Amino acid sequence: MTTLTLATRWNPIDWPLTHGPIPHAVFVAGWAALFALAVGRGRSWWRVRLPAALITAAALSLLLGVVVDDWWHPFPEGTPEYVTWWIAVALLGFCLAGYRMRRLSWPRRGLALGLSGLVLLLAASEVNIGFGQFSNGRMMLAPWLTKTNGLVVSKVAQTLSARPEQVLEDVWQPPADLPAKGTVSVVTIPGPKSGFRARDAYVYLPPAYQATPRPLLPVLVMLPGQPGSPGDWVLSGQINEAMDAFAAEHHGLAPIVVMPDHLGSTWANTLCFDSKIAKAQTYLAVDVPRWVHQNLQTATDRKAWAIGGASMGGTCALQLGVNAPDVYGNVLDMSGQEEPTLGTREQTVKAAFGGDESKFEAVDPAHVMARRKFPDTSVAMVVGEHDDEFRPQMEKVYQLVQEAGMKAKFELMPGRHGWVVFRPGIVRQIPWLAQQTGLTR
């Protein structure tokens with residue numbers, strides 16, 4: 001995805017971290033460091049300390065797996081196998097260094113720690129390649145480099161909208177002084193109806209929003225996965241840059257993007273239901289749209305509103321599409337789950353509804369779509385072609401949305417599960433979103 005222009009070629013923070021010379025160099029250096037740590041002199045090393053390091057690393061890996069997947073259980077599907085493998089490699093590096101320490105001088109102890117650091121860097125690099133969180137150093141530094149603006153909340157008398165037979169691009173004439181880029185703002189979206197205590201949200205306003213008359217632009221609500229935070233779509237997804245690129249080709253027009261919090265904290269999982277855990281559905285279906293209507297000038301028809309997300313956020317988007325169809329007429333489900341889950345159906349129903357299966361079935365998308373048709377809802381489904389965990393689930397859901405009468409499309413993207421799919425996925429779906437929401441033809 002990263003293309004080095006002449007301006008960025010010599011800036012190290014713009015060099016790619018998921019392909020090219022840097023990850024290759026880290027790969028070679030990491031394995032060389034592990035080999036250097038594993039090779040020693042003397043019988044005691046080969047007969048005692050090396051086997052002890054291997055056993056210790058294996059035991060720590062198993063213990064960590066039990067703590068994370070069986071006790072803490074932050075990921076409903078469990079830790080991905082490739083992540084588990086690279087954690088084990090990193091632990092082995094530290095164990096090998098640890099078993100060398102007692103017989104080394106202080107300078108050589110520093111060298112052993114440095115070698116174990118290279119092994120850790122190798123593991124981190126490979127996990128990043130698999131998930132695609134940071135495509136370059138600039139993205140890694142995004143929380144400190146990304147600038148946000150004060151939200152433009154002023155109401156203006158003049159607005160511009162299209163007639164039913166038109167799209168907004170048909171009637172829009174950009175002013176000569178239209179900004180080249182949109183703005184990103186951090187805002188607080190309260191939950192007076194739901195009582196949900198959300199973290200600060202992000203809002204992207206395209207260049208056309210700064211114009212007078214102001215076009216009544218469509219709204220895209222975007223949700224991160226779990227674990228996650230509202231800023232993920234800006235900091236890791238670069239959705240503002242994707243929207244700016246689209247706007248540059250359409251005279252400043254692009255959807256407004258609202259990125260609210262549906263989790264409450266990084267590791268929490270509200271399931272996007274109204275349940276014992278939280279009233280997350282009411283927050284997204286009532287409080288967030290109400291805040292938008294009170295603070296921004298936008299299109300209000302359900303056809304001009306879309307909700308999307310990735311992973312658990314994609315699952316949540318489909319939930320809102322079928323449980324609040326009067327608000328959201330369009331859904332973007334990227335690598336979502338077959339059903340909302342905390343691990344198993346039993347765990348989910350117990351935590352959210354006190355074990356009452358009927359309450360779960362009342363709001364679970366699969367059961368809702370079995371009872372009701374949605375001919376006026378459009379759905380785009382995107383998943384990595386090598387995502388063995390989520391692709392089969394998405395294929396089942398795609399069959400369900402078709403049976404429910406939705407206008408549905410299904411697209412495969414190169415890669416597995418992560419920003420390596422989500423980031424290019426949103427770029428690919430913006431034209432579809434613009435068409436479905438009445439922005440372009």
Side-chain angles (χ1 to χ4, degrees), residues 56-92 120 122-134 223-229 232 236 262-273 275 277 280 309-319 333-353 355 360 364-366 381-397 412-413 415-422 425:
T56 303
L60 288 174
S61 300
L62 290 172
L63 177 61
L64 187 62
V66 170
V67 171
V68 173
D69 289 334
D70 297 332
W71 179 58
W72 183 18
H73 203 65
F75 314 108
E77 297 80 16
T79 307
E81 290 183 2
Y82 76 96
V83 175
T84 301
W85 160 253
W86 287 112
I87 289 175
V89 170
L91 288 172
L92 177 58
L120 176 62
L122 162 67
S125 175
E126 292 301 311
V127 171
N128 182 57
I129 290 171
F131 194 63
Q133 184 83 22
F134 307 112
L223 308 171
Q226 182 275 334
S229 62
D232 286 353
S236 296
H262 65 299
L263 299 174
S265 64
T266 300
W267 297 95
N269 190 341
T270 63
L271 296 167
C272 276
F273 288 141
S275 70
I277 299 173
S311 195
M312 182 265 182
T315 311
C316 182
L318 183 60
Q319 289 175 239
D333 182 354
M334 303 178 72
S335 304
Q337 301 150 308
E338 184 177 352
E339 66 179 27
T341 181
L342 294 175
T344 66
R345 173 74 70 83
E346 182 181 2
Q347 291 172 325
T348 304
V349 174
K350 182 178 179 180
F353 302 110
F360 175 84
D364 170 54
M381 307 188 74
V382 179
V383 68
E385 60 183 345
H386 301 301
D387 190 343
D388 296 335
E389 179 71 38
F390 289 84
R391 179 177 173 177
Q393 298 183 60
M394 290 283 284
E395 289 171 345
K396 291 180 182 178
V397 176
L412 294 175
M413 297 289 293
R416 293 184 289 188
H417 191 80
W419 291 104
V420 69
V421 169
F422 308 153

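Numbering starts at 1 and runs along the sequence shown. Just so it is clear, the values below take in all heavy atoms, side chains as well, and ignore hydrogens, waters and symmetry mates. All figures in this text were calculated on a predicted structure; none of them were measured in a lab.
In terms of modelled atom types and a separation under 3.5 Å, the side chain of E338 and the main chain of Q393 share no donor-acceptor contact. A donor-acceptor pair under 3.5 Å is absent between the side-chain atoms of D364 and the main chain of E339, judged by distance alone. R391 places a side-chain N or O within donor-acceptor distance of the main-chain N or O of E385, the cut-off being under 3.5 Å.
From E395, atom CD reaches atom CE of M381 across 9.5 Å, with rounding to the nearest 0.5 Å. Once rounded to the nearest 0.5 Å, the distance linking SG of C272 with CG of L263 reads 7.5 Å. Going from atom CH2 of W85 over to atom CD of E126 covers 11.0 Å, rounded to the nearest 0.5 Å. How far CD1 of I87 is from CG of L92: 14.0 Å, rounded to the nearest 0.5 Å. For the atom pair CH2 of W86 and CG of N128, the computed distance is 13.0 Å after rounding to the nearest 0.5 Å. Atom CG of L63 and atom OG1 of T56 lie 12.0 Å apart (nearest 0.5 Å).
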Acceptor/donor pairs from residues 311-319 side chains to any protein atom, 3.5 angstrom cut, sequence neighbours excluded:
residue, atom, partner, partner atom, Å
S311, OG, H417, NE2, 3.0
T315, OG1, S311, O, 3.3
T315, OG1, Q337, N, 2.7
T315, OG1, Q337, OE1, 2.9
Q319, NE2, L271, O, 2.9

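Side-chain atoms of P340 and P76, non-hydrogen and from C-beta on, never get closer than 4.5 Å to each other. Contact check for L342 versus I277: side-chain heavy atoms found under the 4.5 Å cut-off.
Among all heavy-atom pairs drawn from T270 and A280, the shortest one is OG1-CB, 3.5 Å. Counting all heavy atoms, side chain and backbone alike, A352 lies closest to S275 at O-CB, 3.1 Å. The heavy-atom pair separating G384 from S335 by the smallest distance is N-OG, 4.2 Å. The two residues V421 and M413 make their nearest non-hydrogen contact at CG1-CB, 4.0 Å. Considering every non-hydrogen atom in both V420 and G130, the closest pair reads CG1-O, 3.8 Å. For P227 against W267, the heavy-atom pair with the smallest separation is CG-CZ3, 3.5 Å.
Checked against side-chain hydrogen bond (donor to acceptor under 3.5 Å, both in side chains), Q133 has the following partners two or more places apart in sequence or in another chain: S236, W419. For F273, the ring-ring contact (aromatic ring centres under 6.0 Å, His included) partners are F353, F360, not counting sequence neighbours.
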Check the pair V382, F422 against side chain to side chain contact (heavy atoms under 4.5 Å, CB included), reporting the backbone distance first and the verdict last.
-> CA-CA 8 Å; V382 179; F422 308 153; over 6 Å; no

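S229 and D232 share a side-chain donor-acceptor pair at under 3.5 Å.
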